[in-house]
Structure formats: structure tokens, C-alpha cells
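Notes for the one structure printed next.
It should be emphasised that the depicted structure is a prediction, and the values quoted were computed from it without experimental measurement. Letters A, B, ... are given to chains in the order of the sequence lines, protein chains preceding strands, and every chain is numbered from 1.
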Number of protein chains: 2
Amino acid sequence: MIRINEARKTYHTGTVEVKALRGVSVHIRPNEFVAVMGPSGSGKSTLMNLLGLLDRFSSGTYVLDNVGVSELSDNELAGMRNQKIGFVFQTFNLLPKMTALKNVELPLLYAGVKPVERKSRAMTALQQVGLEDRMCHHPNELSGGQNQRVAIARALVNDPAIILADEPTGALDSRTGVEIMHIFQELHRKGVTIVLVTHEQEIAAHASRILYFRDGLLVGDEIVENP
Amino acid sequence: MIRINEARKTYHTGTVEVKALRGVSVHIRPNEFVAVMGPSGSGKSTLMNLLGLLDRFSSGTYVLDNVGVSELSDNELAGMRNQKIGFVFQTFNLLPKMTALKNVELPLLYAGVKPVERKSRAMTALQQVGLEDRMCHHPNELSGGQNQRVAIARALVNDPAIILADEPTGALDSRTGVEIMHIFQELHRKGVTIVLVTHEQEIAAHASRILYFRDGLLVGDEIVENP
Ligand SMILES: Nc1ncnc2c1ncn2[C@@H]1O[C@H](COP(=O)(O)OP(=O)(O)OP(=O)(O)O)[C@@H](O)[C@H]1O
Ligand SMILES: Nc1ncnc2c1ncn2[C@@H]1O[C@H](COP(=O)(O)OP(=O)(O)OP(=O)(O)O)[C@@H](O)[C@H]1O
Ligand SMILES: [Mg+2]
Ligand SMILES: [Mg+2]
């Protein structure tokens, strides 16, 4: 389902080159639940942005559901992303001028869903993360953990086949974090493929496989016993 | 040093009232190292913003170093904040159009420090958090954990007497998180007063006292054995 080969990503900042990914190859099968761990700056978010079709590799190939991603136009990438992928950003990336409800409706708006159905599905997603009484708040009127949960609701609302979550419990207390992991486990049981970046062992323990990054390279790949 | 009494904070969003703090009283002595824990939305960041003079209470009193804060003008608050308090925001709040170095220089600029000394002190703070080779990067060219460390460096650079850190290790892997806690412990040994919000027990264990919040109220206050 997700097959990347010799993926490299180099950023150019002024005269400096940062090799964020230095030749990463990995195969993620349908309905796998994979955790990604590694030190700060090791390339995890860069990998997630590339998997999520938000950016392009400098070199290497990416086949997603038998489609060679590098041959797609930007519009085709955006369409595929909207249909198949739910993305939880490490820094939430909510639109500040919209309410929580409108932020969660966005993927449905893009998919052409009608207003009444959009609102009802967005409200259901917000209920799932415990925020129905905050749906009219703007991001600056919400706590850090509430904003993170709005970002999670937005990633789920379009029933994607793949969820890419970049540190989805980073701003949550343990109990709320466990509730979110139960949502992910439930989606996993229903067939969703999940790739989740985390720096917490107890969160990674919910996955069935853990990928370890260091300095832009994959340095470990292990099966989790009894996830 | 920090004495708040019956502090209340109510937000008004449209027609809805959110009672974020519902009567909080606490006394923090000089050179204490206090952790603050509690569920998402329980009022921790609200308390930190009020302690950090970034916002005003709806009612209640706040005495900081024998000064009654409610009698100060906005300019006097800003001056006191710049002199005494280093603040690490939960969502970093870095200026996107400035480099990491310029972001860290900001408190020194406000304090009237000359350019050469400003640059040298900002570079030292960035070295302390392991980011000297990223000082010319902008926030959008940095990883989540790197941005968090820039926010930490900015809080330390003016040698404040009080550090208020809202989830300062939330985006950091365990090892980098431990390095940051060592920085805080070193500052604590030198006499700094530290109040730190966290949802991780291993981080709270570095403090000497833990305050527990729930629904806008202080529900627990315990001494940590052998911090
Ligand atoms: N500007 C605002 N306007 C309206 N409501 C607000 C505003 N800021 C915060 N709130 C509400 O006040 C409550 C407390 O928020 P606060 O940010 O203090 O929580 P917190 O304990 O820091 O949570 P977290 O652990 O998720 O960061 C939340 O329910 C939030 O929705
Ligand atoms: N747009 C960019 N321009 C230049 N360098 C970048 C850019 N984005 C990321 N980097 C650099 O690439 C490296 C990898 O960043 P990435 O965000 O993938 O790390 P990460 O593993 O997600 O870290 P964290 O755990 O701190 O979030 C970092 O050293 C970062 O400074
Ligand atoms: Mg990251
Ligand atoms: Mg908060």
C-alpha cells in the first residue's frame, strides 16, 4: 500500500544544505499500525509530509496503492490526498479565522460534500474527541490539547483509508491521550492503515510495528509483541 | 514571591461564558521548582498566562515580589515581565519572519542590550539547547522539537528570576527532554524560581512540588520526595 524506495529529501536554506532524509526505504502493508520514533530533527515529520503528499522527494520513488506518485500532477496529488489520507500535523495547522467546526468541515468541503451532511459529520467527529461544546470556538480560544483534538477530528472526518498522525498526543494529558489512542485502535480494527509519530513508549506500544529514525536514516524496524 | 488569591478568569466567546479559573489561591516561594499537572482544558495555560503578566485576572489578587500586579499599567506590566520572567509558550509563539537567532535576541532587544552583546548572549542560549547550527533557520525550516528549543532559549536569554514553562518538552524525544530538564535543574540550583506545566510524570518528578488542576480549580498540592 505504501512503498518508498531510497527516499531522499534535501532542504536548501541560503547556502546551507540540510539532508533531512538520506535514503529511506520502507514497505507498509494495508491495515498495518506503525509507530515512528527517533530524536528531535531526525527526519520524522519530513517523512510524514512526503508520505502525506504534502511535499515531493528530492529523489527516490513512492508508490501509493499501486500509483507511482512522482508521475502525478499537483492537482492529482491534492485529489488523492483528500480521498485517501487523513493528516494530523505536529503543529495542528488549523485556520485561525475559522471555528473548530468549520476547520473540521474543510476536508468534506474539498470533497464536494453538501453543507447539511458536512456539518453533521464534522459535529460527529468533534463529539468523538470530546469537543462538541467547543465547536464554535476559534483556535485562539482553545487550549493546546483542545486544538490538537480539533486537528485529529479533521483528519478522521473524511473516513480516510490511511491516517498519518505526527505526534497526535503531544499536547494531551495521559487520560485524554489514551482516549485518542482508543479511537485510533478502533479505526485500525475497521481496516484503516495508521502511521503515527510519537516520542512516548506507552503510545508506541499501541502499534504493531515500530520504525526508528536517526539522522535521516531508518535504523530500526521491529514488531511489537501483543499491541 | 508569587502569591495569587481567589484568582478567577472567565472568557466570553459570543454568548458563551467559559470559567477557565474558578477561584485559585497559591503561594510560590522564591527558588521553588513547581510542576503543574491536570487534564486538557483544566486551566493550566490560563494560569501561566496570568502569572506571566500576559493577561489580567477577571477577579482576585496577584502579588509578585511584593508588587500588587493589578495596580500596574500595561507598560509597567510589560517592563516587569521583560525583567523578571522568562516564558516558554505551549505553542512556541516564535516570529515566523525572523531567524532562530533573532527570535532569541528579542527579550534582550526589549531590555536595551547592545547588538554585539545581544548576538553573543543569544548564540550562547542556542548552544545550550544544542541548536547553534540552526541559528539562521526560520521557524518553518525547523522541526517541532527544534522550534520548542528555540522558544526555551528565548526564555532563558535574559537571565530571568522566574521561568514559566508551558509543556516545554511536549515536542521532544525523551533524551532531548532530559537534557532540557538538566538545564532547568541547573538554573534552579542557581536560584531561579521555576513553574512548569507538564502532562508527563517523569518530567514532573524533577520538581519539588506538584500542583494538580481540574476544571479551573486547584485540587491537589503535594511535595515531591527526592526531586
Ligand atoms: N481566549 C479564550 N476564549 C474562550 N475560551 C478559552 C480561551 N482560552 C482558553 N479557553 C478555554 O478555557 C479552558 C482552559 O484553557 P487552558 O488553555 O487554560 O487549558 P489547559 O489546562 O492549558 O489545557 P491543555 O492541557 O489542553 O493545554 C478551556 O476549556 C478553553 O476552551
Ligand atoms: N523547510 C526546511 N528548510 C530547512 N531545513 C529544514 C526544513 N524543514 C526541516 N528542516 C530540517 O530537517 C531536519 C529534519 O526535520 P524534521 O521536522 O523532519 O524532524 P523531526 O524528526 O520531525 O523532529 P521533531 O521530533 O523535533 O519534530 C531538521 O534538522 C530540520 O532543521
Ligand atoms: Mg517533527
Ligand atoms: Mg495548555
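- The shortest distance between side-chain heavy atoms of A:V18 and B:H137 falls below 4.5 Å.
- Chosen from A:K44, A:M37, A:E200, the residue pairing most often with chain B at heavy-atom distances under 4.5 Å is A:E200.
- At a 4.5 Å heavy-atom cutoff, the contact between A:T169 and chain B is made by backbone atoms alone.
- Other residues, nucleotides and ligands contribute over 12 non-hydrogen atoms within 6.0 Å of the CE atom of B:M80.
- Closest of all the heavy-atom pairs between A:G41 and B:Q146 is CA-NE2, 3.9 Å.
- Counting all heavy atoms, side chain and backbone alike, A:S174 lies closest to B:H199 at OG-O, 3.7 Å.
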**Request:** Mind running side chain to side chain contact (heavy atoms under 4.5 Å, CB included) on A:S45 and B:S143 for me, showing each step along the way?
**Result:** CA-CA 7 Å; A:S45 294; B:S143 77; 5.9 Å; no
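- Chosen from A:T176, A:D133, A:D173, the residue pairing most often with chain B at heavy-atom distances under 4.5 Å is A:D173.
- For a residue to count as touching a neighbouring chain, one of its non-hydrogen atoms must lie under 4.5 Å from one of that chain's; by this rule B:Q148 does not touch chain A.
- Counting heavy-atom pairs closer than 4.5 Å to chain B, the top-ranked of the candidates A:G38, A:S40, A:P39, A:G145 is A:S40.
- Ranked by heavy-atom pairs shorter than 4.5 Å toward chain B, the options A:E141, A:Q201, A:E167 are led by A:E141.
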